2 protein chains.
Amino acid sequence: MINPDAPQTGVRAVDRALDILLCFSRSETGLSLSEIAREVGLHKSTVHRLLTSMLSKGFVRKQPGTDKYVLGWTILELIHNVYHSDELTTAVLPVMTRLRDATSETVSLYIRSGTERIRIQAVESMEPVRNVATIGKTYPLYVGASGKVLLAYADAETLEQVLADPSIPADFSREDLLTQLENIRKDGYAISVQERDSGAAALAAPIFGRHRFVAALSVSGPVTRFTQSKMSEYIEVVRESAALITKLLSH
Amino acid sequence: MINPDAPQTGVRAVDRALDILLCFSRSETGLSLSEIAREVGLHKSTVHRLLTSMLSKGFVRKQPGTDKYVLGWTILELIHNVYHSDELTTAVLPVMTRLRDATSETVSLYIRSGTERIRIQAVESMEPVRNVATIGKTYPLYVGASGKVLLAYADAETLEQVLADPSIPADFSREDLLTQLENIRKDGYAISVQERDSGAAALAAPIFGRHRFVAALSVSGPVTRFTQSKMSEYIEVVRESAALITKLLSH
DNA sequence: TGAAGGTGTCCCGCCAAACGGAACGATGTT
DNA sequence: AACATCGTTCCGTTTGGCGGGACACCTTCA
């Protein structure tokens with residue numbers, strides 16, 4: 001049961017249907033009807049009826065092999081309206097650009113995708129020597145400031161999968177990572193120096209949506225420009241920018 | 001009124017709510033309550049009630065300036081589950097890879113974003129001389145095979161905006177483009193030879209989702225390898241691949 | 001083999017709650 | 001000032017959603 005005290009506003013059936021959709025944003029592997037019913041605290045038959053509506057509209061679908069429900073392709077049809085909506089370009093991008101101007105380093109926006117992270121937006125530094133940011137590119141989660149931010153707010157299952165990743169170097173300290181993740185959750189930012197790329201340093205801070213952690217905002221550049229004093233200055237502006245975007249996202 | 005004959009299955013309130021959400025995938029600028037009510041053929045008060053539910057869950061939100069409704073940030077939280085879901089990598093990517101192997105040229109998947117197009121997925125050719133495809137990169141709509149496909153299935157407003165684009169070269173024939181778009185809709189594919197890049201040629205075909213046109217699939221490479229006979233061969237395989245993905249998306 | 005527990009699906013009687021007409025205040029337009 | 005159109009709220013009617021229960025189908029124990 002997610003929400004014991006119902007908001008008691010609007011249409012109940014719709015509230016429940018949307019609750020079901022939100023369940024999917026938490027589980028990556030798909031959900032069975034009974035799991036959903038347990039999660040939202042409703043009778044199986046009720047959930048079944050709601051799901052058939054969403055099924056016929058393509059908002060959810062059944063995985064071919066298993067009988068589990070997953071999000072449907074219709075969501076894809078909504079994406080470019082959200083993802084490239086006016087607000088994301090007229091609200092988030094300016095914040096990123098301002099952050100770039102304040103630090104004169106490359107600014108990136110990452111979301112987690114399974115056990116990887118993907119850069120969904122970037123504003124590059126104007127310096128001749130700079131971090132080149134390709135939108136859409138993916139990186140591991142266990143290295144880099146934004147990777148660790150994404151990991152710090154990921155579910156336990158994802159963390160486990162990442163730690164079990166065979167491509168992690170042998171000398172990588174998992175204990176060290178776990179304490180770092182705790183510090184990130186406590187402090188609200190992450191630092192990485194020469195982790196992903198030798199010669200590069202980065203700072204990152206979490207961005208929260210309406211219901212949960214959404215993305216990581218990072219500033220990255222050549223390690224030579226990230227002096228101790230610059231670093232502490234950047235920490236402030238990155239956290240401010242992330243907080244501003246968080247505020248924008250919860251409108 | 002979108003759907004005069006209701007499917008009469010599942011929960012009506014949910015069906016209506018999802019219909020409202022689908023309205024947004026068509027209009028890029030946001031919709032007022034009355035517009036939505038007109039579109040789905042319901043009473044204003046009914047739409048208002050449904051919208052308050054979706055508003056409280058963050059599925060829609062009101063634009064700060066105007067009173068228009070637009071899709072909310074909660075949709076973002078669903079995206080990475082769909083966009084990078086197992087199926088998109090285990091279903092669409094293999095089709096793209098097979099197409100790459102059949103043509104030994106670079107294969108790209110584009111969606112339209114306003115008056116541009118963005119490459120959301122790519123499988124590169126293995127040839128030493130090849131079209132290098134960067135995921136996330138954007139291109140204009142009025143040149144290139146996939147650009148024209150995206151334009152052929154875009155709404156009239158977008159087409160108008162694109163034709164009014166001041167960055168279009170002076171010698172560009174808009175009449176020619178319009179007849180090309182008609183042919184694309186008729187034939188189901190587009191060809192471009194040395195349009196976007198000199199020395200490059202491309203073929204593209206439309207991919208349809210459950211409710212509407214979604215994306216364009218393209219094969220591109222050096223024009224020297226796109227002989228007349230190769231061209232007609234590629235047209236077939238591109239259309240087949242696009243049709244296969246369309247089938248997958250409607251599950 | 002059969003009992004036990006887990007699925008997903010379907011049916012149906014009851015009554016809560018969704019529907020839409022109507023009215024309201026606020027804006028903007030002729 | 002009259003008019004049109006907007007978003008919002010209220011309320012009586014009755015419709016359609018609710019969930020208990022039944023069912024068939026699994027797998028897993030005894």
Side-chain angles (χ1 to χ4, degrees), chain A residues 1-24 27 29-72 251, chain B residues 1-24 27 29-72 251:
Chain A
M1 175 118 38
I2 315 171
N3 206 4
D5 47 346
Q8 209 68 348
T9 170
V11 181
R12 207 181 37 170
V14 175
D15 277 334
R16 291 169 168 184
L18 299 184
D19 272 340
I20 291 174
L21 279 181
L22 285 176
C23 286
F24 289 105
S27 149
T29 54
L31 294 164
S32 71
L33 187 137
S34 304
E35 283 172 335
I36 298 171
R38 224 175 296 124
E39 184 85 9
V40 298
L42 293 174
H43 197 274
K44 277 191 303 175
S45 63
T46 306
V47 175
H48 184 258
R49 238 176 324 104
L50 293 170
L51 279 173
T52 52
S53 276
M54 300 198 266
L55 207 55
S56 71
K57 290 271 189 286
F59 276 71
V60 298
R61 63 181 204 282
K62 286 183 163 184
Q63 277 185 332
T66 69
D67 266 0
K68 296 199 165 191
Y69 289 87
V70 288
L71 289 173
H251 82 131
Chain B
M1 176 122 31
I2 315 171
N3 205 3
D5 47 346
Q8 208 66 351
T9 169
V11 182
R12 206 184 37 170
V14 175
D15 278 333
R16 291 171 168 182
L18 299 184
D19 273 339
I20 290 175
L21 279 181
L22 285 175
C23 287
F24 289 105
S27 148
T29 55
L31 295 164
S32 70
L33 186 138
S34 303
E35 283 172 334
I36 298 170
R38 224 173 296 124
E39 183 84 10
V40 298
L42 294 173
H43 198 272
K44 275 191 303 174
S45 63
T46 306
V47 175
H48 184 257
R49 239 173 325 102
L50 294 170
L51 279 174
T52 52
S53 276
M54 301 198 265
L55 208 54
S56 71
K57 291 272 190 284
F59 276 72
V60 299
R61 64 181 202 282
K62 286 183 164 184
Q63 277 186 332
T66 69
D67 267 359
K68 295 198 166 192
Y69 290 87
V70 287
L71 288 173
H251 83 129

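Side chains are part of it too, since the values below use all heavy atoms of this structure and drop only hydrogens, waters and symmetry mates. In what follows, every chain begins at residue 1, and chains take the letters A, B, ... in the order their sequences are listed. This one's a predicted model, so the numbers in the text were calculated from it and none came from an experiment.
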Worksheet entry | A:V14 and B:V11, any side-chain heavy atoms less than 4.5 Å apart |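 A side-chain contact is absent here, since even the closest heavy-atom pair is not under 4.5 Å.
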Discussion item. Any non-hydrogen side-chain atom of B:I36 less than 4.5 Å from a side-chain atom of B:L51?
Written reply: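 Yes, side chains in contact.
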Reckon [X] has a side-chain N or O less than 4.0 Å from the OP1 or OP2 of [N]?
{"X": "B:T46", "N": "C:dG20", "answer": "yes"}
{"X": "A:R16", "N": "D:dG19", "answer": "yes"}
{"X": "B:R38", "N": "D:dC6", "answer": "yes"}
{"X": "A:R49", "N": "D:dC18", "answer": "yes"}
{"X": "A:S45", "N": "C:dC11", "answer": "no"}
{"X": "A:H48", "N": "C:dG8", "answer": "no"}

Worksheet item: Any donor-acceptor pair under 3.5 Å joining the side chain of A:K44 to the base of D:dG19?
Response: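 Per atom types, no contact qualifies.
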Rounding to a whole Å, what distance do you find between [X]:[atom1] and [N]:[atom2]?
{"X": "A:K62", "N": "C:dT7", "atom1": "NZ", "atom2": "P", "answer": "14 Å"}
{"X": "B:I20", "N": "C:dA18", "atom1": "CD1", "atom2": "P", "answer": "14 Å"}
{"X": "B:L31", "N": "D:dG7", "atom1": "CG", "atom2": "P", "answer": "11 Å"}
{"X": "B:L33", "N": "C:dG20", "atom1": "CG", "atom2": "C1'", "answer": "14 Å"}
{"X": "A:L55", "N": "C:dG8", "atom1": "CG", "atom2": "C1'", "answer": "13 Å"}
{"X": "A:L51", "N": "C:dT7", "atom1": "CG", "atom2": "C1'", "answer": "15 Å"}

Discussion item. Side chain to side chain contact (heavy atoms under 4.5 Å, CB included), that's the test. Do A:K57 and B:L22 meet it? Break it down for me.
Written reply: CA-CA 9 Å; A:K57 290 271 189 286; B:L22 285 175; 4.2 Å; yes
Discussion item. What's B:S34 touching, base or sugar-phosphate or nothing? Going by heavy atoms closer than 4.0 Å.
Written reply: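 Touches sugar-phosphate only.
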Discussion item. Go nucleotide by nucleotide along DNA chain D from the 5' end; which of A:L42 and B:E35 gets its closest nucleotide reached first?
Written reply: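 Nearest-nucleotide comparison on DNA chain D picks B:E35.
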Worksheet item: What's the closest nucleotide to the A:R12 side chain, out of D:dG7, D:dC18, C:dG20?
Response: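 Output: D:dC18.
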Item to complete: Applying side chain to side chain contact (heavy atoms under 4.5 Å, CB included), run through B:S56 and A:L18 and close with a yes or a no.
Response: CA-CA 10 Å; B:S56 71; A:L18 299 184; over 6 Å; no
Fill in: CA sep, side-chain torsions, deciding dist, call: A:D19, A:L42, side chain to side chain contact (heavy atoms under 4.5 Å, CB included)
CA-CA 11 Å; A:D19 272 340; A:L42 293 174; over 6 Å; no
